[in-house]
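Excluded from the calculations below are hydrogen atoms, water molecules and symmetry mates; all remaining heavy atoms, backbone and side chain alike, are included.
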Amino acid sequence: MLLRVSEEEIQQRCDACGAERAIPLTTLRAGVEVGDPPQPMNPSIIALPGCPTCDAREFLVRVAGATGAGRPALTGHAQGVNALHHALVAAGQVAPTLGDDFDGEATFDRAALPWVHAGERPPIVGRPGAAELERSRLLAARRAGG
């Protein structure tokens, strides 16, 4: 779950194990490619790196065409994902084979940052505590059938 977006990093909580972490924006890019050589897949997806605690992967999907006449303003998680996606595109951090898909999207209102998920406490970033590690171990054992 995306908790916060700033101009330098995002704060994320792993949906699988609950661990919270900071991910620098410089390590992220908008768009996903697959294959070798890379082929364009989807310009709206942001793939986050695997969770350091349980190795779960999270993918954020931008809500395309969400603004405009007759459409309600985005709120909550979608607003944060769109703010992150636009910040990455504005910084030129896009999947190389998808570069043309982002033409015309390079303008970004910096007033959209920082973004914080409503109702969330400020995340604590760092090593997971004993409770988080035990929960992650139990979840892994359950998945392995033990």
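- Taking the side chain as every heavy atom from C-beta outward, Leu84 and Leu60 approach each other to under 4.5 Å.
- Between Cys17 atom SG and Leu138 atom CG the span is 12.0 Å, to the nearest 0.5 Å.
- Tracing side-chain contacts under 4.5 Å through hydrophobic residues (I, L, V, M, F, W, Y), one never reaches Phe59 starting from Leu28; they form parts of separate clusters.
- The two residues Arg13 and Glu58 make their nearest non-hydrogen contact at O-OE1, 4.0 Å.
- Taking the side chain as every heavy atom from C-beta outward, Arg21 and Pro52 approach each other to under 4.5 Å.
- Screening residues 28-57 for salt bridge (Lys or Arg N to Asp or Glu O under 4.0 Å), with sequence neighbours left out, gives Arg29-Glu33.
- Put simply, the side chain of Val32 does not reach to within 4.5 Å of the side chain of Ile46, judged on heavy atoms.
- For the atom pair CE of Met1 and SG of Cys14, the computed distance is 12.0 Å after rounding to the nearest 0.5 Å.
- For the pair Gln11 and Ala22, the tightest heavy-atom approach, listed with the atom from each and the gap, is NE2-CB, 3.6 Å.
- Counting heavy atoms from C-beta on, the side chains of Gln12 and Leu3 never come closer than 4.5 Å.
- At a threshold of 4.5 Å between non-hydrogen side-chain atoms, the residues Ile10 and Leu2 count as touching.
- Distance alone, capped at 3.5 Å, places no donor-acceptor pair between the Asn82 side chain and the Arg62 backbone.
- Checked against side chain to side chain contact (heavy atoms under 4.5 Å, CB included), Thr27 has the following partners two or more places apart in sequence or in another chain: Ile23, Pro24.
- Under the 4.5 Å side-chain contact rule for hydrophobic residues, Leu48 and Val34 do not share a cluster.
- Annotation for Ala30 and Leu88: closest pair N-CD1, 3.9 Å, computed over non-hydrogen atoms.
- If you take CZ on Arg4 and CD on Glu20, they are separated by 11.5 Å, rounding to the nearest 0.5 Å.
- Put simply, the side chain of His85 gets close to the backbone of Pro43: a donor and an acceptor are under 3.5 Å apart.
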